[in-house]
2 protein chains.
Amino acid sequence: MAKPRPISGFLELLPEQKLAEDRLISAIREVYELHGFLPIETPAVELVSTLASKGVVDREIYVVKRLHADEEEEADLGLHFDLTVPFARYVAQHFSKLHLPFKRYQLQKVWRGERPQKGRFREFYQFDIDIIAREDLPIACDAEIINMLLKAFEVIKAGSFSMLLNSRKVLYGAYEACGVAAEAMKATIIAVDKLSKIGAEGVGKELIEGVGLLPDVADRILNISSAKCSLGELEAWGFRSGVGSALFQEGLRELESIGRLIRPELRSHCMFDMSLARGLDYYTGVVFEVKLTEHPEFGTVASGGRYDDLASQFINQKLPGVGGSIGLTRLIDLLLSKGKVETNKRSTADALISVLSEEQRSECNQVAEVLRSLGIGCDVYYKSPKLGKQIDYAAQLGMRYVLFLSPEGGKIEVKDLQTKQQSVVEDLAKWCASVKSQK
Amino acid sequence: MAKPRPISGFLELLPEQKLAEDRLISAIREVYELHGFLPIETPAVELVSTLASKGVVDREIYVVKRLHADEEEEADLGLHFDLTVPFARYVAQHFSKLHLPFKRYQLQKVWRGERPQKGRFREFYQFDIDIIAREDLPIACDAEIINMLLKAFEVIKAGSFSMLLNSRKVLYGAYEACGVAAEAMKATIIAVDKLSKIGAEGVGKELIEGVGLLPDVADRILNISSAKCSLGELEAWGFRSGVGSALFQEGLRELESIGRLIRPELRSHCMFDMSLARGLDYYTGVVFEVKLTEHPEFGTVASGGRYDDLASQFINQKLPGVGGSIGLTRLIDLLLSKGKVETNKRSTADALISVLSEEQRSECNQVAEVLRSLGIGCDVYYKSPKLGKQIDYAAQLGMRYVLFLSPEGGKIEVKDLQTKQQSVVEDLAKWCASVKSQK
């Protein structure tokens, strides 16, 4: 008999931590639902052929197979590694039954067979939102996704945060003007995306030795990549940059339009950053990522962007979309490690109904049902030991109130463990209402 | 490019169906939280050695392995096939940080590599509740779990339902009195558990040929297995049965105690049924299952029971517990197929803010934010085509209201798609309050 140990890369929370995660989830979900986004959920598995269809690095995929499968039985199912591929497959599969524009949210775990490290998990929650439409999707949708993510980070109170934005059009246009050929574009983007990790020198080296750019082209790229400004200053920066490319100008105009549609009170979180490229290759317009200002070492906690074509590998429809994803597990792990979420409440109940004797239990249960019907969670102590023991239990679990029923029946008293006051409950309904109003 | 098809045994819902499932989940969760139960969540995977430790039929386990794992890399992780084994492992692993009695709920998907059939899935949600304590757990806890499950079935409005109850003690005691030897007890229980599937004749054959009982012993078992009565009639039935076994009497007394603690308004759903045995071998006291009265063909939608020892394979502690599990996926599949859940609402928004021109969009967004801050979900139309098209979108998604902002600004009108009335909104806050109160 060996005491079980955690499996590396799989986060498991204590109940009070899970309560905190659930509050985080509820807060984000409320933002999404207030915007009319619809929930979907896909199976944990997809066909391996579906997962591999976007040219992803497939060594990260976990395949699943019956333990006692026959030798020749092929493992054709794999756990999804993100929610974008399943979403694309879902849209294609159910296309005739969906209403466009389709605005969905999706909260599920994803799995990657990567080497675990600080802040990187093998199993983690992603909380995605996307809008897709047929043929064309206005820039207002990019702004809506961005507003929703910003709002989500406001309501979860994770401390100060910033969203860096850029556009693939601005990047392509600028790189082209720097002298990068079309066929070297993706490799250039992937190299520049490493700026925050390996620095300018490292990226410069990779641009020259890896991508094969000329040293002065690499220099120009590194130079323009250091540009940062608010979205309101973009026009002036674009003019100063001297880049004439039409694509570059179009990208800037789109970013400015998005900037104007970001709600004024959220704009200060946003910053254009020319070094932001995002490694994934399906983005075609705006790209963005969110970092917690006080904890840059934890990296990106949300990201997303615009893509021209969601599901062409599955369906003969052009479906442009824009979406974003919050890395929820990384976020809760960070917030827990920094003590930024409350974990004192270790119960879903506000009150404990103490039980003085087993004869009293049915009456206690009745009182508990009255409280519950009025929306107050309560626990009835499972045995009937000395009162002190029952009060300790309530205190340990962070319940605020302990109720006592007089043995003669009828009278209820309550002890408030916060104020240490004890008083008679004259009117149970009124008392419940006052507890509820204080929550 | 082939249109993706569903993977057999993996249920995938349309958004409006997922909304219905989420309502079901919320309703059940609310019941559990009002009783002070705490959420936990375990990884989707456990060590295969953990999963196989209870002597389960391990051919149902799905193992996971990296797609590009080396040949010799052993698949040591498997997807959990229920939430009981992970719960036992969780309790053992975090024992020093948990407060006993520990009351937890757990809603997660589980996976079984079984052949899919009607109502049986390879991936499905289980919604579990359990109470565990150290050394001894009073019968009041059995009653609490049963009350909670009955309450859950009441609030989800799945139609009429019944809970069949029995006790392993009653079963063992009665079978012993019928002449079954201790070593044949488990096999006898497993055989009797098939009564509803293969009938008395089939079970009789299995008891004689499979278990090796004498024909008259098998007859006595079949005879006593037909007993059914309310929990209040148990004492009388026990007396009539003539079984003298102390264990049998103890089991009956426990069932009667549970019966007295079941809330009066829920008692009519409960029925003692001597044919109920439950196949799983770790139960030691009360066992129960819930069926929808109108749809017996769908089988059991919830079940559970009392066990003496949760986690002895992981920890040197005697931890008795009692728990129950709702088969949520089977339930929602059934309710959807019978049209018993509402799926007309295809949006989380109540209102659409129509957009007459792109110049108006920022103002529309502002109005939307006011509505959201007052708790009314709303969607701002993504483009600005003719009004008819926007109203169609709202109607298709089941939103009740469409708001129009006058081009001159200031004035807001609302069309109620249900009553077809159109009116001026004089006070937005008041209007939101009235919408909220009607929800």
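A note on names: the letters A, B, ... follow the listed sequences, proteins ahead of strands, and every chain is numbered from 1.
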- Query: Between A:A349 and B:G36, which heavy-atom pair has the shortest distance, and what is it?
  - Reply: CB-CA, 3.6 Å
- Query: Distance from B:L137 atom CG to A:K383 atom NZ, nearest 0.5 Å?
  - Reply: 8.0 Å
- May I ask you to test the B:L77-A:F10 pair for a side-chain heavy-atom distance under 4.5 Å? yes
- Note on the structure: Turns out that what part of B:A133 lies under 4.5 Å from chain A's heavy atoms comes down to side chain
- For chain A, find which of B:H94, B:R346, B:R263 contributes the most heavy-atom pairs closer than 4.5 angstrom. B:R263
- Do NZ/NE/NH1/NH2 and the carboxylate oxygens of B:E12 and A:R89 come within less than 4.0 Å? yes
- Message: Which atoms of A:E114 are under 4.5 Å from chain B, going by heavy atoms: the side chain, the backbone, both sets, or neither?
- Response: neither
- Message: If I measure from the heavy atoms of chain B, does A:L13 come under 4.5 Å with its side chain, its backbone, both, or neither?
- Response: backbone
- Test item: A:I7 and B:P43 side chains (from C-beta on) under 4.5 Å apart, heavy atoms: no
- Task: Measure B:L79 against the heavy atoms of chain A and call it side chain, backbone, both or neither at under 4.5 Å.
- Result: side chain
- Item | Minimum-distance pair of heavy atoms, taken over all atoms of B:R66 and A:G113 | CD-O, 3.1 Å
- Message: Rounded at 0.5 Å granularity, tell me how far SG in A:C378 sits from NE2 in B:H35.
- Response: 7.5 Å
- Query: In terms of heavy-atom pairs under 4.5 Å, which option from B:F37, B:Y90, B:Y32 contacts chain A the most?
  - Reply: B:Y90
- When the 4.5 angstrom heavy-atom criterion is applied to B:L14 and chain A, the contacting part is both
- Which heavy-atom pair separates B:D22 from A:R29 by the least distance, and what is that distance? OD2-NH1, 4.3 Å
- List the atom of A:A92, the atom of B:K3, and the distance in Å for their closest heavy-atom pair. O-CE, 3.4 Å
- With respect to chain A, which residue among B:E16, B:E21, B:K18, B:R104 yields the maximal number of heavy-atom pairs within a distance under 4.5 Å? B:K18
- Work out which heavy atom in B:D379 is nearest to a heavy atom in A:E144; give both atom names and the distance. OD1-OE2, 4.5 Å
- Segment of B:L98 engaging chain A (4.5 angstrom heavy-atom cut-off): side chain
- Region of A:P264 that comes under 4.5 Å of a non-hydrogen atom in chain B: neither
- Per-residue contact mode, A:E30 against chain B (heavy atom under 4.5 angstrom): neither
- Item | Under-4.0 Å salt bridge between B:E41 and A:K109 | yes
- Looking only at B:G78, B:A140, B:S362, B:P138, most heavy-atom pairs under 4.5 Å shared with chain A are made by B:P138
- Quick one: what part of A:R260 sits under 4.5 Å from any heavy atom of chain B, side chain, backbone, both or neither? backbone
- Task: Report yes if the side chains of A:Y382 and B:I131 come closer than 4.5 Å at any heavy-atom pair, otherwise no.
- Result: no
- Based on non-hydrogen pairs under 4.5 Å, which of B:N365, B:L47, B:V45 is most in contact with chain A? B:V45
- Task: Please report the closest heavy-atom contact between B:T348 and A:L38, naming both atoms and the distance.
- Result: N-CD2, 4.1 Å
- Side chain to side chain, A:P6 and B:Q93, heavy atoms closer than 4.5 Å: yes
- Who among A:L19, A:V31, A:D76, A:L371 has the most heavy-atom pairs with chain B under 4.5 Å? A:L19
- What part of A:F124 lies closer than 4.5 angstrom to a heavy atom of chain B: side chain, backbone, both or neither? neither
- Is it the backbone or the side chain of A:Y393 that comes under 4.5 Å from a heavy atom of chain B, or both, or neither? side chain
- Message: Please report the interatomic distance CD1(A:I139) to CZ(B:R361), rounded to the nearest 0.5 Å.
- Response: 11.5 Å
- Message: So A:L67 and B:V48, do their side chains get closer than 4.5 Å, heavy atoms only?
- Response: yes
- Do A:K151 and B:E369 have side chains that get closer than 4.5 Å, going by heavy atoms? yes
- Item | Contacting region of B:D136 [heavy-atom separation from chain A under 4.5 Å] | both
- Message: Please classify the contact between B:V355 and chain A as side chain, backbone, both or neither, with a heavy-atom cut-off of under 4.5 Å.
- Response: neither
- Query: What part of A:D350 gets closer than 4.5 Å to chain B, counting heavy atoms only: side chain, backbone, both or neither?
  - Reply: neither
- Can you check whether B:L34's main-chain N or O pairs, donor with acceptor, with A:R372's side chain at less than 3.5 Å? yes
- Item | Contacting region of A:E33 [heavy-atom separation from chain B under 4.5 Å] | both
- Message: With a 4.5 angstrom heavy-atom cut-off, is it the side chain or the backbone of B:R122 that approaches chain A, or both, or neither?
- Response: neither
- Considering only heavy atoms and a distance below 4.5 Å, find which of A:A143, A:P15, A:G375 pairs most often with chain B. A:P15
- Note on the structure: Turns out that what part of B:Q17 lies under 4.5 Å from chain A's heavy atoms comes down to neither
- Task: Quick one: which of A:F95, A:W111, A:Y125, A:F102 has the most heavy-atom pairs under 4.5 Å with chain B, could you say?
- Result: A:Y125
- Greatest number of heavy atom pairs closer than 4.5 Å to chain A - which of B:A351, B:A44, B:A368: B:A44
- Checking heavy atoms, do the side chain of B:F121, its backbone, both or neither come under 4.5 Å from chain A? neither
